[in-house]
Amino acid sequence: QVRLEESGGELVQAGGSLRLSCAASGRAFSRSTMGWFRQAPGKEREFVAAITWSGDSTYSADSVKGRFTISRDNNKNTVYLQMNSLKPEDTAVYYCAARPYSAIGVVSTGYSNWGQGTQVTVSS
C-alpha cells in the first residue's frame, strides 16, 4: 500500500506557475509508477502526467505538454508536478495516484492508491 498526500494548490493568475507535491509513505512507493490526475467541476477525472518508478520515463497529456513537468525524488518519497503558463482551464482538483509494480497508465482505474486532492484555481 502507498499513502499519498498532495499539497501546493492555490489561487494563481493566468500565466503563472505552481508546483504541486505529493508526499508518499509505504514500501511500495519506490516501485510505483506515479500519476497526476485532475477533475474540474462537472467533468470526469482526467489524466495529466505519469512517471515510472525509476523516473526514467514520463508521459503527459497533450493538453499540458510543454507546460507541465512531472518528476520524483525517491529519497524524499515525493512526486512533483511543476505547472507553468497556467490557464483558466487548468482549474481543477489535482490528485496524486500510485500504480505499484506497473508501467505507466493513463486510465484512472489502473491506479490503486489515491490522495485527497489539492485545489488549483487559475483566474483570468
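Side-chain atoms of Val79 and Phe29, non-hydrogen and from C-beta on, do get closer than 4.5 Å to each other. In this structure, the side chains of Leu81 and Val48 come closer than 4.5 Å at one or more pairs of heavy atoms. In this structure, the side chains of Ile51 and Thr33 stay at 4.5 Å or more apart for every pair of heavy atoms. The shortest distance between side-chain heavy atoms of Phe68 and Asp90 falls below 4.5 Å. Side-chain contact check for Trp36 versus Leu20: some heavy-atom pair is nearer than 4.5 Å. Taking the side chain as every heavy atom from C-beta outward, Val2 and Ser25 never approach each other to under 4.5 Å.
The neighbour count for Glu5 CD, taken as heavy atoms of other residues, nucleotides or ligands under 6.0 Å away, does not exceed 12.
Between Ser57 and Ile104, the shortest heavy-atom contact is O-CD1, 3.7 Å. Scanning both residues, Val93 and Gln119, for their nearest heavy atoms gives CG2-OE1, 3.2 Å. Taking all atoms of both residues into account, the shortest heavy-atom contact from Val64 to Ser60 is CG2-CB, 4.0 Å.
A salt bridge links Asp62 to Lys65: at least one charged side-chain nitrogen sits closer than 4.0 Å to a carboxylate oxygen.
With Glu6 contributing its side chain and Gln116 its backbone, the two residues share a donor-acceptor pair below 3.5 Å. Arg19 contributes no side-chain N or O that, together with a main-chain N or O of Met83, makes up a donor-acceptor pair within less than 3.5 Å. A donor-acceptor pair under 3.5 Å is formed between the side chain of Arg72 and the backbone N or O of Thr52. The backbone N or O of Ala50 sits nowhere less than 3.5 Å from a side-chain atom of Thr58 that would complete a donor-acceptor pair. Between the side chain of Ser85 and the backbone N or O of Arg67, no donor-acceptor pair lies under 3.5 Å. A donor-acceptor pair is defined here as one N or O able to donate and one able to accept, closer than 3.5 Å; no such pair exists between the side chain of Ser63 and the backbone of Ala61. Side chain of Thr78 to main chain of Asp73: no donor-acceptor pair is present (N/O by atom type, distance under 3.5 Å, no hydrogens or angles). Listed for the Asn74 side chain is no donor-acceptor partner under 3.5 Å among the backbone atoms of Asn77.
A side-chain donor from one of Tyr94 and Arg38 sits under 3.5 Å from a side-chain acceptor of the other. If you check the side chains of Ser17 and Asn84, you find a donor sitting under 3.5 Å from an acceptor.
A search for ring-ring contact (aromatic ring centres under 6.0 Å, His included) contacts involving Phe37 returns Phe47, Tyr111, Trp114, not counting sequence neighbours. Residues meeting the side-chain contact (heavy atoms from CB on, under 4.5 Å) test with Ser112, sequence neighbours left out: Pro100.
Residue pairs meeting the disulfide bond (SG atoms under 2.5 Å apart) criterion with at least one partner in residues 18-90, sequence neighbours excluded, are Cys22-Cys96.
To the nearest 0.5 Å, atom CH2 of residue Trp53 and atom CZ of residue Arg31 are 4.0 Å apart. Rounded to the nearest 0.5 Å, atoms CD (Gln1) and OG (Ser32) are 10.0 Å apart. Note that the CZ atom of Arg99 and the CG atom of Asn113 stand 12.0 Å from one another [nearest 0.5 Å]. To the nearest 0.5 Å, atoms CG (Leu4) and CE (Met34) are separated by 4.5 Å.
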Leu86 and Leu18: CA distance, side-chain angles, deciding distance, side chain to side chain contact (heavy atoms under 4.5 Å, CB included) verdict = CA-CA 8 Å; Leu86 282 161; Leu18 281 178; 4.2 Å; yes
